[in-house]
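In each ligand, atom 1 is the first atom listed, and ligand 1 is the first ligand listed.
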Amino acid sequence: MEEAVRVQDVLTGSLDGKEVLVRGWLQNKRSSGGIVFLFIRDGSGVVQSTVRKGEVDSKVFDLFLSTRIESSVQVEGEVKPDPRAPGGREIVVHSGKVDSAALEEFPIAKQFQGPDFLLDKRHLFVRSDKMRAVLKVRAVVLSAARSWLDSHDYLEVQVPTLTSAAVEGGATLFEVKYFDGKAYLTQSWQLYAEALIASVGKIYTIAPSFRAEKSRTRRHLTEYWHLEAEAPYVGLDGIMEVEEQLLSHVVEDLLERASSQLALFERRPEDLEKVKPPFPRITYDDAFKMIGGEKSGIKWGDDLGYEQEKILTTHFDRPFFVTRYPKKAKAFYHKPDPLNPEVTLSVDLLAPEGYGEITGGGQRIEDYGALVARIKEEGLDPESYAWYLDLRKFGSVPHSGFGMGLERVVSWVCRLEHIRDAIAFPRLINRVYP
Ligand code: 4AD
Ligand code: MG
């Protein structure tokens, strides 16, 4: 196959005046008189290619005139600057062909189509400008996060997806048949991470987590991508510093490497330029007061839900930490605050503009007896956590960690209405297709 150039390279201007081959999918098409404008997408960008009657073989002209959008095509022609063309350049086509003609009209149209229809056609909707931008933003977030963690001596490690016990409470566990017994899909790598820090020190992972979330909200997926980190000899304040530095680095990289994608979502750089350490910090007690106490619909001790976080975010124009949640609002492993054991050394990071929680974490209980007591207090069976309890018998040290939901971060930076649009093929309470 002949070498094609990348559309992205055509649009930089470095190929002006040159004869190039471009191939890809026909994203859009317009014709007027003796001209057909083809908008060809190759994954790196979209370029206008102009086919003029008389300047190409008449069979080629008729072919492009009649071919449907989302056919795969290739054209050869000269790159010319043209201020009227999107991206400022066009290809003046000399020859071309249709590699695979679309067999039907592309079902996704310009006019309004309902969300359920578009979700059913997700395998085709992923070709849209918005989905392509989201995919790029996701990739930049992960690559930036990896580079920050790698350069701060965090080792990337992997743990099983099939597990034997809950991390974040039994209510959202997915049970799967495991030969003659049963297993669960992981909610978090955390318990395994606590084992591995005694082997290799500071660690992180990027992997899917699963939650059988019965709530249909705009921020819950049943399968999401979870970036988690864990570190020995780090306390609550230390882990907050890690989180704010990591997120600031991610945002800085996004501004540099995904500015056109962010612009598509009308996310202004000024909003993200504010994301610099230190982030504001408030306690759960402060938060409870700020949202008007019980008027907000919860009692002291309850976890902050979407509604409460939404009110809270109106007080901030950048991400902020909420620390020291009551014991009752958090999972069994959170270390009670020695100064007030009713609350824990826990922390959530909340994004502004109503988005709310994007990370959860904090300091873990390191004492054997205290951990057994908390497991029992929560009505859990210490037997199911036998290996986890073992970790407190052999050189237990203070340690902390957190988990960041990739789609929560992407929803916020891209100003998405619903988390389902932050992932190519969302898994929701009522959807595992396509
Ligand atoms: O707050 P969570 O439940 O915390 C944990 O799982 C800890 N064990 C993590 C740790 O300390 N290593 O989940 C962490 C983050 C949330 O802040 C949120 O961003 C995301 O995971 N998350 C979800 N994202 C999409 N859909 C869901 N159903 C999510 N549930 C949690
Ligand atoms: Mg949480």
Quick check: do Leu21 and Val75 have side-chain heavy atoms less than 4.5 Å from each other? no
Residues passing the salt bridge (Lys or Arg N to Asp or Glu O under 4.0 Å) test with Asp9, sequence neighbours excluded, are Arg6
Over 60° means perpendicular and under 30° means parallel, so tell me whether Tyr284 and Tyr325 are parallel, tilted or perpendicular. tilted
Atom-level proximity to ligand 1, residues with heavy atom under 4.0 Å: Glu168, Ser188, Gln190, Arg211, Glu213, Arg219, His220, Leu221, Tyr224, His226, Glu228, Tyr333, Glu357, Ile358, Thr359, Gly360, Gly361, Arg364, Gly401, Phe402, Gly403, Gly405, Arg408, Ile419
What about the rings of Tyr224 and His226, do their centers lie closer together than 6.0 Å? yes
Distance-minimising heavy-atom pair for Leu173 and Ala166: CD1-CB, 3.7 Å
Return each pair, listed once, that meets side-chain hydrogen bond (donor to acceptor under 3.5 Å, both in side chains) where at least one residue sits in residues 307-318; pairs must be two or more places apart or across chains. Arg219-Glu309
Check: Asp99 and Gln74 side chains under 4.5 Å, non-hydrogen atoms: yes
Test Leu191 against every option in Val167, Val159, Thr186, Thr163 by the side chain to side chain contact (heavy atoms under 4.5 Å, CB included) rule and name the one that passes. Val167
Are Trp25 and Phe106 near enough that their ring centres are under 6.0 Å apart? no
The Mg ion (ligand 2): protein N, O or S atoms [distance under 2.8 Å]: Glu357 OE2
